[in-house]
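The structure appears right after this line, and notes come after that.
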Amino acid sequence: MPPRVAGSIRLVLRLSLYVFFLLIPALPLWASQTGEETEAVTLDFLYVNANAGEAAGGHTALRLGESIFHYQFFPDSTFLFVREPWADFRFLYNDLHNRTISLASLPLDPSVYAGIRNHFTELLITQQQFFDAYEDVQEEDKLVREMLNGRCEISVPGLGFFTRQEFPTLSPVTLKARIETELGRDFLQQTVAQADENLKRAFSAVSGGERPGRKLREQIVWREALRVLAEEWDLDERSLIAPMAGEGRLSSSGAESLLRFGEELACSIVELLRSTRPDKGEPLLLQTARYLVVQRSLAAGQLYTLDPFPDDVRKVWLTEAELGEERLLILQEAFLRQAVTRSSLFFQEELHPEIAYSFLEASRARAWELLQAGNGKQEVRILSKVTLPSRRRTVSLGKLQIEKENLQVTSRAMAEELKVLQEKSEEHYGYNLFLRNCATELIRSLNSTFADAKSGEAALGGWLEPDNGLVFIPFLFYEQSCAAFSLQEEQTLTARRLRNLEKLYSQESDLLVWLRESNTLSATLYEPRSKDTPFLFFTDDSLLLRPIQGVLNLGYAALHGVAGLVTLPFDGGDRLHQAARGIFYSLPELAFGNIRKGSYSTAEPEAVSPLGGKTLVE
């Protein structure tokens, strides 16, 4: 599954962010109601042309303002609706994936624009709620099966930030003393004892045939959060993003901002301890960890933050060549500048410091992780979006005395429920090349905004059905959309290599540029990558010579296949597999077609932005 938020508190926070960003596109509507002049708003249809890999059929997306909505296929075979910033989408597809993007705009009434955006956000929330519920049942089933084996292990989000040591004295009043002052000297001790008693009753109820549900996990997380406070655990050094060279020491105003934020966190911790909400354990662990890391920063006079990378974070391996590139240094400097900028923004934020602090945590983590690559580390974790820190630790509750017969009945019921959820996941979130792909589901999502085809056609000026002819083919979806909706202002964002090739043609002899850049051996605009498959000639900018170049590419890939037979015992067949893929992507070139275009692993030096981490060359 793609990274998902576990626990209702995380879901509530995510929903609040949805609402926060949802308000932005509605501003034109509100402004129009107050008589202010508004800018035109549009729904943009995008087509991204093909390349090697999963991109062989092209891709489609819709843009509303600075947000892109599209469907993506994930490694667990789910096919999900995704929203991401336009700058990130364009950087990934146009720059790194080296694919040309065609874009056409449909002017909309502000109320229609807001309605579509609201509906897309509702689809995202519904999708997330389904998989959150699915994940809860999976966790519940795992717990029941473990209990049948006489043991119980729970992964507690947030507990991984702590280690069993006494707190260093980082402030005049420790957190435990603050809690005892406001809630009573024996509050923590009594609350821990009560949590232990509640946990025993919960296990007894499950042993008697009651389903554990989310309640049992929440009680375990709550008990562990209380132990952290009562026993004054310290922060685990491995869970921190330490100060980086170039950040400098905290200024007096920065220290004052952190001091205020720490006071807000302390108040939040006390309120969570007073709260009767059942899911308060996870936010209590996060707020406690943040409070302690703020105190660490104040004591050191330098900024520390929590490591927000999730446990299942995606990782990439940089080659020795990539580690030695100047581009890596440029990216490191840019990400560090971004982190410094985020620090300044946090210190200035007064209305929503927690949101600003989350952005600061993510920004510092990205910069710190990339700086480690400069120290010889080849594995780099990728934080694709801002997420709440949730470093996990497994808690074992030891041997359990339970009634296995009742638990077996519960286990069978859980298996049936999981089967139903799996079928529903395949039905609503599965992929089918012809019936449910990036084109068909995008038009279904748009159409479902409206009560019926008549009202949709009146609002959009046209109508398109997902089963209309060959609309499931991405480039035909784009062509039919242009015709059906009378789209205007069509733009073409040329792929990175072709874009830079045009610059070279304007600076040097056309013949010399073509001879040098038309092949992968002498090209200066491209470095061969294994994921692009072995090929000799670029054919995306050479229509008439394409079949001849395709034959040469075919032969080149075949030679790699022969070499792959030799290296088979040493590389597990990887080279042979890449050669087979190279042959496959060369075949369309024999008939004047083109799929493969090459791709890139890093941004262009001039494409790096100190504010956004990366932007595009215009």
Side-chain angles (χ1 to χ4, degrees), residues 46-61 72-73 89-102 316 319 321-322 433 437-438 473-476 478 492-502 504 513-564 573-604:
L46 281 71
Y47 167 66
V48 185
N49 70 357
N51 204 341
E54 296 178 359
H59 191 52
T60 59
Q72 278 188 309
F73 183 78
F89 180 90
R90 182 176 170 182
F91 174 77
L92 177 66
Y93 285 92
N94 189 230
D95 224 31
L96 294 186
H97 290 183
N98 191 34
R99 300 163 68 182
T100 295
I101 300 176
S102 300
V316 297
T319 65
E322 288 170 334
L433 179 62
N437 65 14
C438 64
I473 301 174
F475 80 88
L476 290 179
Y478 180 74
T492 299
L493 307 179
T494 308
R496 171 174 168 174
R497 177 182 165 273
L498 296 180
R499 185 169 71 226
N500 290 326
L501 192 61
E502 286 300 316
L504 290 181
V513 170
W514 185 84
L515 289 173
R516 185 183 69 232
E517 301 297 334
S518 64
N519 69 89
T520 58
L521 301 180
S522 61
T524 61
L525 297 177
Y526 172 79
E527 293 181 4
R529 304 181 68 212
S530 59
K531 67 174 295 183
D532 294 333
T533 76
F535 69 104
L536 191 58
F537 288 101
F538 294 99
T539 62
D540 52 334
D541 60 334
S542 183
L543 178 62
L544 295 180
L545 292 177
R546 193 170 291 169
I548 298 174
Q549 292 174 323
V551 171
L552 295 173
N553 283 340
L554 194 67
Y556 189 72
L559 287 175
H560 273 260
V562 174
D574 181 65
R575 189 166 187 172
L576 191 61
H577 173 68
Q578 293 300 332
R581 293 179 65 236
I583 292 172
F584 174 79
Y585 289 116
S586 299
L587 293 175
E589 297 167 351
L590 305 180
F592 293 94
N594 169 262
I595 294 177
R596 177 180 48 208
K597 298 170 178 65
S599 63
Y600 298 87
S601 60
T602 58
E604 298 175 271

Exercise: identify the closest heavy-atom pair between [X] and [Y]:
X: Gly561; Y: Leu576; value: O-CD1, 3.3 Å
X: Asn51; Y: Gly598; value: ND2-O, 3.1 Å
X: Ala523; Y: Phe538; value: CB-CE1, 4.4 Å
X: Tyr478; Y: Leu46; value: CD1-C, 4.1 Å
X: Ala557; Y: Ala579; value: O-CB, 3.4 Å
X: Cys438; Y: Gly58; value: SG-O, 4.4 Å

Which residues share a salt bridge (charged side-chain N to carboxylate O under 4.0 Å, His left out) with Arg516, sequence neighbours left out: Glu508

Positive for side-chain hydrogen bond (donor to acceptor under 3.5 Å, both in side chains) with Asn594, one of Asp541, Thr539, Asp540: Thr539

Going by side chain to side chain donor-acceptor pair (under 3.5 Å), name the residues that satisfy it together with [X], two or more places apart in sequence or in a different chain.
X: Tyr585; value: none
X: Asp532; value: Tyr526, Ser599
X: Asn437; value: Thr440

Test item: [X] and [Y] side chains (from C-beta on) under 4.5 Å apart, heavy atoms:
X: Arg596; Y: Thr533; answer: yes
X: Leu498; Y: Glu502; answer: no
X: Val48; Y: Thr60; answer: no
X: Phe475; Y: Asn49; answer: no
X: Ile548; Y: Phe537; answer: no
X: Pro474; Y: His59; answer: no
X: Arg99; Y: Arg496; answer: no

Pairing of Arg499 and Asp95 as salt bridge, 4.0 angstrom limit: yes

[atom1]/[X] to [atom2]/[Y] distance, rounded to the nearest 0.5 angstrom?
X: Asn94; Y: Ile101; atom1: CG; atom2: CD1; answer: 4.5 Å
X: Leu545; Y: Ser518; atom1: CG; atom2: OG; answer: 9.0 Å
X: Leu504; Y: Arg497; atom1: CG; atom2: CZ; answer: 10.0 Å
X: Tyr93; Y: Thr100; atom1: OH; atom2: OG1; answer: 14.5 Å

Residues, nucleotides or ligands: over 12 heavy atoms within 6.0 Å of Tyr600 OH: yes

CG (Leu521) with more than 12 external heavy atoms under 6.0 Å: yes

Tell me whether [X] contacts the main-chain N or O of [Y] through its side chain, where contact means a donor paired with an acceptor under 3.5 Å.
X: Arg546; Y: Phe592; answer: yes
X: Asn553; Y: Phe535; answer: no
X: Glu517; Y: Thr524; answer: yes
X: Thr520; Y: Glu527; answer: no

All ring-ring contact (aromatic ring centres under 6.0 Å, His included) counterparts of Phe73, not counting sequence neighbours: Tyr431

Test ring-ring contact (aromatic ring centres under 6.0 Å, His included) applied to Tyr556 - qualifying residues, sequence neighbours left out: His560

Trace of the side chain to side chain donor-acceptor pair (under 3.5 Å) decision for Gln578 with Arg575: CA-CA 5 Å; Gln578 293 300 332; Arg575 189 166 187 172; over 6 Å; no

